[in-house]
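Read through the structure below, which is laid out as structure tokens, and then see the notes.
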Amino acid sequence: MDIFSKRRNRHKLIILQVIIVGILINVLLSFLSYKLDLPVYWDTIGTIGVAALTGVFPGMFVAVVTNIICTLFNGYAAYFGIVNVLVAVITAWFVKRGLFTKVKSSILYVVAIGAGSGILSGIIQWLIIGGPQNDSIRAILEASDIGTGVVGFLAFSLLNILLNIFDKGICFGIMAILMRFMPEGAKIKLRNSSWMQRPLTEKEEEDIYKWSKNTPHSAKKRMALVVTVIAIAATIVTTYTAVNQYFEAAKEEKTEIAQNAAKFAASVVDPNKVNEYIRDGENSPGYKETEDMLYKIRKNASGVYYLYIVKVDRDKVTFVFDLDADDVRKSYALVDDTKGEEPGTEVPVDEEFEEYMDDLMAGKEIPPIENKGAWNWLVTAYYPVLDNSGNVVCYAGADASLDYLESYMDSFGRKLILILSGIIATIVAYGIWISNYYTVYPIESIGVYIRRITEVGDNQEELDEVVRQIRKVDIRTSDEVERLYKDLCDMALNQTEKIRSIRRLSEDTMQMQDGLIITMADLVENRDSDTGAHIQKTAAYVKIIVEGLQRKGYYAEKITPKFASDVVRSAPLHDVGKINIPDNVLNKPGKLTDEEFEIMKSHTTAGMHIMEKAISTVGGENYLKEARNMAAYHHERWDGKGYPEGLHGEVIPLSARIMAVADVFDALTSPRVYKPAFPIEKALSIIEEGKGVQFDPKCVEVFMESLPEVKEILKKYKKEVE
């Protein structure tokens with residue numbers, strides 16, 4: 001096991017210890033408050049502390065476990081787990097935004113959790129318990145004679161909010177005191193213990209936000225949505241299944257009771273006296289004794305609502321016995337009539353029984369019938385009363401009420417949802433916590449550094465720095481994400497080294513190319529008797545003009561870093577065509593004749609052809625393209641009166657327009673066999689006069705603005721002009 005894994009396991013053990021301590025504090029103080037019947041709860045001190053130190057999920061876990069344990073002495077505690085969970089969520093939110101360091105924010109926090117807890121717990125108490133769970137609060141409300149309606153609920157809610165604010169204020173104060181004595185280093189370790197990588201700084205979190213803000217579907221939000229939907233669905237299914245199964249089991253039990261009651265009632269009726277009972281009623285011998293037996297059967301059959309004996313004909317039902325419902329029906333408040341039917345009373349057959357009439361007439365048993373009407377919900381069981389010959393004489397009927405089951409199931413469902421809500425919320429938080437720290441944050445960190453690598457391009461220093469930074473992220477999720485991260489680190493390192501190697505090769509190639517350029521230029525210059533250091537100076541002037549154009553923002557779409565480099569590097573080749581000019585013309589001390597001048601002018605086209613041959617040999621886009629342009633067109637004029645093609649204005653390639661200024665200025669300030677060097681003032685005056693006529697005005701402008709650099713070049717080559 002590596003050092004990181006050992007450290008992470010140690011941190012997990014520390015968090016577990018903190019969680020246990022938080023639960024113990026909550027349970028012990030809650031037990032004390034409950035036994036003393038105090039109007040405060042003290043069950044959130046540990047929740048607040050753990051949430052503040054380690055984050056929302058551990059805090060929620062402490063909250064849920066606290067309420068589960070507290071059910072050992074307080075049966076209502078399980079319903080309030082969601083309240084404690086709410087406290088953990090709000091606490092973690094305040095801590096994440098650094099609001100606990102301010103007094104106003106701390107007061108706002110106490111009010112927020114107090115009001116939230118007061119409202120939510122008040123609703124739970126009113127709906128589930130039917131009023132305050134605390135005897136002291138109940139006594140205050142009863143003494144105030146406020147009532148139990150809406151006014152009573154509002155009064156209780158307000159009182160509950162105030163008490164919760166007081167309670168949470170005490171809890172927060174105790175937690176703040178405990179945390180004050182905790183070493184800052186320990187708090188930082190606990191706060192960062194969830195990270196499966198180096199904890200993100202505020203700057204890194206900001207970079208991640210910028211990187212992911214335009215993502216159409218955030219993985220973090222999608223994962224949170226998926227976990228939440230699954231948790232809610234699980235809650236609904238669990239609640240529905242539990243309630244439904246319990247209800248079906250209870251209904252089956254009531255049905256069985258009704259069947260047994262009907263069967264037992266049928267056994268106590270004398271089939272030979274049924275007609276006599278119908279005719280004479282209570283005056284018939286044995287009627288009263290049989291009725292008393294039926295009352296006893298109903299009393300012992302829990303949940304049986306009606307118990308009666310009826311004679312069934314095809315189109316009517318005649319009552320033999322119908323017990324009074326004073327002691328049963330009133331408890332359900334289903335109907336106003338509480339008096340049973342008199343013997344001999346005839347009523348039509350209910351629609352629910354029409355499909356069973358054949359079986360009833362034949363004396364057969366029929367299945368229990370469920371009937372949900374406007375006033376009651378019953379399950380009815382019938383059992384035949386047979387004479388000695390096996391013929392059906394009448395039926396014993398027993399109705400078991402299901403109304404209270406429906407009401408109970410509704411209450412049971414609400415309670416179950418409340419109990420599960422805190423647990424489900426914690427499960428959701430755990431799913432989001434796992435996905436964030438094991439997947440989302442590491443992938444976002446990887447994404448940010450991949451973007452940085454692409455943005456840096458081939459800048460070696462910045463690439464090296466990005467590689468160092470990405471290796472410091474140190475993702476340790478022990479899964480595919482960690483493997484992806486390590487592969488990315490290796491790829492970034494290898495890519496950086498390859499770029500370093502390519503750069504070295506490129507630099508060597510450029511040095512070789514520059515050497516060849518200078519060699520070619522020297523071959524030409526050595527044939528010219530009076531162009532000393534011409535290629536070096538013109539190249540320096542070209543660099544000054546290019547940088548000046550960049551500084552001023554002129555021709556920004558054209559002057560890229562590559563263009564600037566190509567122009568400066570290939571400037572020495574602008575006169576390469578002079579290699580074809582005869583010596584008697586090239587070095588003639590006097591004025592050239594027209595024929596000789598035409599020969600001299602041909603060095604532009606000769607230079608163009610030489611460069612085109614070189615380009616075709618090398619191939620592709622390269623710096624020789626600008627060498628060709630300068631060699632061919634550096635004698636073109638802005639007004640179109642130059643040579644070899646008479647181009648004008650911006651039709652002339654920019655590199656040639658730059659070289660034109662540099663070439664003429666150097667020719668003016670350098671001695672020739674046919675003239676002495678002009679003073680710099682005279683040379684600058686001529687250049688200025690050529691602005692917009694012979695030269696590109698912008699090139700002249702930036703050249704004139706760079707006179708200090710120009711003079712330094714003249715001095716460097718010992719051609720200083722006073």
Side-chain angles (χ1 to χ4, degrees), residues 15 17-67 69-70 74 77 80-122 133-134 136-137 140 157-191 422:
I15 290 179
Q17 293 172 346
V18 170
I19 288 175
I20 293 174
V21 170
I23 293 172
L24 289 175
I25 292 175
N26 280 352
V27 172
L28 291 175
L29 292 179
S30 178
F31 177 76
L32 179 64
S33 172
Y34 180 79
K35 286 300 181 182
L36 296 177
D37 195 30
L38 298 176
V40 291
Y41 308 102
W42 293 345
D43 60 347
T44 56
I45 296 177
T47 302
I48 294 172
V50 173
L53 287 172
T54 62
V56 64
F57 166 67
M60 293 172 71
F61 183 80
V62 169
V64 170
V65 175
T66 293
N67 283 79
I69 295 176
C70 287
N74 179 3
F80 299 94
I82 189 64
V83 179
N84 217 342
V85 165
L86 177 66
V87 172
V89 172
I90 297 177
T91 302
W93 188 88
F94 269 78
V95 170
K96 184 175 179 62
R97 283 150 184 80
L99 299 178
F100 276 177
T101 58
K102 304 173 184 177
V103 176
K104 290 183 179 179
S105 299
S106 298
I107 294 174
L108 176 62
Y109 163 77
V110 171
V111 173
I113 63 171
S117 301
I119 294 172
L120 188 56
S121 65
Q133 66 165 325
N134 186 274
S136 301
I137 299 177
I140 293 173
S157 297
L158 179 60
L159 179 60
N160 201 44
I161 289 172
L162 294 175
L163 287 172
N164 269 274
I165 290 175
F166 175 71
D167 173 57
K168 300 306 182 284
I170 293 176
C171 293
F172 174 74
I174 295 174
M175 183 277 298
I177 293 173
L178 293 175
M179 290 185 64
R180 185 175 183 85
F181 292 100
M182 180 178 289
E184 190 64 28
K187 288 190 283 188
I188 292 175
K189 286 182 178 179
L190 285 172
R191 198 172 298 125

Here the gap from Leu162 atom CG to Asp167 atom CG, rounded to the nearest 0.5 Å, amounts to 12.5 Å
Please tabulate, one pair per line, all N/O donor-acceptor pairs under 3.5 Å involving side-chain atoms of residues 168-176, not counting sequence neighbours.
from   : atom 1 : to     : atom 2 : distance (Å)
Lys168 : NZ     : Asn164 : OD1    : 3.1

Note: Ser117 and Leu86 closest approach over all heavy atoms is N-CD2, 4.4 Å
One should read off an interatomic distance between Ile113 CD1 and Ile165 CD1, to the nearest 0.5 angstrom, of 9.5 Å
Residues passing the side-chain hydrogen bond (donor to acceptor under 3.5 Å, both in side chains) test with Asn67, sequence neighbours excluded, are Asn84
Residues Cys70 and Ala77: closest non-hydrogen pair is CB-CB, 3.6 Å
- Message: Atom CZ of residue position Phe61 - does it have more than 12 heavy atoms of other residues, nucleotides or ligands inside 6.0 Å?
- Response: no
Under 3.5 Å, sequence neighbours excluded: what are the donor-acceptor pairs made by side chains of residues 17-32?
from  : atom 1 : to    : atom 2 : distance (Å)
Asn26 : OD1    : Ile45 : N      : 3.2
Asn26 : OD1    : Gly46 : N      : 2.7
Asn26 : ND2    : Asp43 : O      : 3.3
Asn26 : ND2    : Thr47 : OG1    : 2.9
Asn26 : ND2    : Thr66 : OG1    : 3.1

### Task
Using a 4.5 Å cut-off on heavy atoms from C-beta on, say whether the side chain of Ile48 contacts that of Tyr109.
yes
